[in-house]
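Everything quoted here is computed from the prediction, not taken from an experiment.
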Amino acid sequence: FHNAVAVPAYVLAVGLHAQTPCQAIAPIAAPQGQYIDGVIANVAGKIILYSDLASRLEQARQGGEKITDSLACSSLEDLLYQQLLLEQARIDSVTADENQVGAELDRRIAYFEQQIGGRDKLEKFYGKSVTEIKADFHDQVSDQLLTQQMQSKITGDARVTPKEVERFYKDIPADSL
């Protein structure tokens with residue numbers, strides 16, 4: 001784990017009585033020495049590691065975002081939500097279509113090759129063949145596609161008219177805005 005970005009260290013509080021995951025996390029002092037990794041959440045037996053959160057925040061930093069406690073909190077919420085969707089997919093016996101996973105892996109490999117300057121440079125960068133790179137990313141891509149499927153399944157039948165949105169906002173008391 002490369003500590004390329006300073007990440008606020010968080011621990012899930014015992015006895016989650018908070019309304020949101022972010023209210024349930026409490027900042028702790030940075031550990032002495034180099035913090036390698038640790039479990040920051042558990043969703044249905046699937047753990048979320050500190051390194052998962054740190055990777056998300058590093059991607060945000062590389063994208064030009066400033067790393068804040070608020071960003072760390074929303075990133076943790078996103079990771080929790082993703083794990084909840086994956087668990088629901090498991091319960092509902094929803095699986096990712098292997099043809100879609102393969103096509104998405106091919107698309108990403110082509111993108112990486114274009115960015116880095118060719119297949120040989122990509123293989124040299126990863127120290128692996130394209131087949132091995134695809135194998136490394138397979139589960140991640142499969143999980144992403146499953147998450148998208150579950151989001152569509154949950155929100156797919158939701159229909160809201162502009163009039164309903166307008167009514168919703170008009171019903172909010174002015175002192176609550």
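In this structure, Ala60 and Leu71 approach most closely via the heavy-atom pair CB-CD2, 3.9 Å.
When side chains are defined from C-beta on, Ile47 does not count as touching Ile40, because their heavy atoms never get closer than 4.5 Å. At least one side-chain heavy atom of Ile133 sits less than 4.5 Å from a side-chain heavy atom of Ile109. Side-chain contact between Val141 and Asp139: absent, with no pair of heavy atoms (C-beta onward) separated by less than 4.5 Å. Put simply, the side chain of Leu53 reaches to within 4.5 Å of the side chain of Leu79, judged on heavy atoms. Put simply, the side chain of Phe137 does not reach to within 4.5 Å of the side chain of Gln144, judged on heavy atoms. Contact of the Met150 side chain with the Leu86 side chain is not registered, since no non-hydrogen atoms from C-beta on lie closer than 4.5 Å. Between Val165 and Thr161 there is no side-chain heavy-atom pair separated by less than 4.5 Å.
A donor-acceptor pair shorter than 3.5 Å can be found between the side chains of Gln88 and Asp92. No side-chain donor-acceptor contact under 3.5 Å links Glu87 and Gln83. At a cut-off of 3.5 Å, with distance as the only test, a side-chain donor of His138 or Glu98 sits close to an acceptor on the other residue.
With values rounded to the nearest 0.5 angstrom, Asp69 atom CG is found 12.0 Å from Leu76 atom CG. Separation of atoms OG (Ser74) and CG (Leu57) is listed at 8.0 Å; rounding is to 0.5 Å. Summarising the geometry, atom CG belonging to Asp97 is positioned 10.5 Å from atom CG belonging to Leu146; distances are rounded to the nearest 0.5 Å.
Two different hydrophobic clusters hold Leu80 and Ile91 under the rule that ILVMFWY side chains link at heavy-atom gaps under 4.5 Å.
A salt bridge links Glu166 with Lys170: at least one charged nitrogen is closer than 4.0 Å to a carboxylate oxygen. Here Glu164 does not pair with Arg167 in a salt bridge; the nearest charged N to carboxylate O distance is not below 4.0 Å.
Side-chain atoms of Gln62 do not come within 3.5 Å of backbone N or O of Gln59 as any donor-acceptor pair.
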For residues 117-126, run the donor-acceptor check on the side chains, cut-off 3.5 Å, and write out each pair with its distance to 0.1 Å, sequence neighbours left out.
{"unit_1": "Arg119", "atom_1": "NE", "unit_2": "Glu113", "atom_2": "OE2", "d": "2.8"}
{"unit_1": "Arg119", "atom_1": "NH2", "unit_2": "Glu113", "atom_2": "OE2", "d": "3.1"}
{"unit_1": "Glu123", "atom_1": "OE2", "unit_2": "Val130", "atom_2": "N", "d": "3.1"}

